[in-house]
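Heads up: the structure comes next, in structure tokens.
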Amino acid sequence: MCRNIKTLFNFDPPATEDEIQAAALQFVRKLSGFNTPSKANEEAFHRAVQEVSVVAKNLLDSLVTNAEPRNREVEIERARARNAKRFGTTGQ
């Protein structure tokens with residue numbers, strides 16, 4: 001679906017409000033087909049982003065796991081390695 005939406009659960013440190021907001025924005029953009037809504041749709045668009053953010057935060061707060069939290073730096077390095085293999089670049 002949206003490649004820009006990243007997994008936010010089970011990280012140390014936990015996902016920030018900004019990360020949740022960004023994921024919600026990408027989700028609403030994908031559903032609506034608008035990168036930037038028209039004036040007529042602007043209020044509904046921004047309301048949807050806010051509502052999705054609240055639901056996403058509630059979901060992240062209610063999920064439980066026995067797994068150790070993932071390290072953000074380690075995950076970034078893994079993603080770079082996957083990208084280098086996939087696209088033949090170093091990701092820098």
Side-chain angles (χ1 to χ4, degrees):
M1 189 176 127
C2 290
R3 293 183 182 181
N4 292 344
I5 298 176
K6 306 296 182 205
T7 301
L8 299 177
F9 177 61
N10 198 29
F11 277 100
D12 186 28
T16 65
E17 294 290 331
D18 288 341
E19 290 172 316
I20 295 170
Q21 180 80 14
L25 177 61
Q26 289 298 322
F27 182 72
V28 172
R29 282 178 173 168
K30 183 67 170 187
L31 287 178
S32 67
F34 303 135
N35 189 30
T36 304
S38 65
K39 288 290 182 190
N41 294 316
E42 193 171 37
E43 182 182 337
F45 184 89
H46 293 298
R47 185 176 56 245
V49 171
Q50 290 306 106
E51 290 173 359
V52 170
S53 293
V54 169
V55 172
K57 174 110 175 79
N58 290 341
L59 173 65
L60 292 172
D61 289 344
S62 65
L63 293 174
V64 295
T65 184
N66 291 328
E68 289 292 318
R70 293 178 282 179
N71 182 296
R72 289 180 186 277
E73 285 75 30
V74 170
E75 295 300 321
I76 289 169
E77 287 305 315
R78 287 180 183 162
R80 284 186 182 141
R82 283 191 307 270
N83 285 340
K85 183 177 179 182
R86 183 175 180 189
F87 301 112
T89 63
T90 59
Q92 294 180 9

Taking all non-hydrogen atoms of both residues into account, name the closest pair between [X] and [Y] and its distance.
X     : Y     : value
Arg29 : Phe45 : CG-CZ, 3.8 Å
Val49 : Ala24 : O-CB, 3.6 Å
Phe34 : Asn41 : CZ-ND2, 3.6 Å
Pro37 : Glu42 : CG-CA, 3.9 Å
Phe11 : Pro69 : C-CB, 4.2 Å
Ser53 : Ile20 : O-CG2, 3.6 Å

Contact between [X] and [Y] at the side-chain level, heavy atoms closer than 4.5 Å - yes or no?
X     : Y     : result
Val55 : Leu59 : no
Thr7  : Glu75 : no
Arg72 : Pro13 : yes

Return the CD to CZ distance between Glu77 and Arg80, rounded to the nearest 0.5 Å.
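Rounded to the nearest 0.5 Å, the CD-CZ separation comes out at 5.0 Å.
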NZ/Lys30 to CG/Asn35 distance, rounded to the nearest 0.5 angstrom?
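Reported to 0.5 Å precision, the distance equals 12.0 Å.
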Using the rule that Ile, Leu, Val, Met, Phe, Trp and Tyr join whenever any side-chain heavy atoms are under 4.5 Å apart, tell me whether Leu25 and Leu31 fall into a single cluster.
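Yes.
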Has the side chain of Asn10 got a donor or acceptor atom that lies under 3.5 Å from a matching backbone atom of Glu68?
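Flag set: sc Asn10 to bb Glu68 pair under 3.5 Å.
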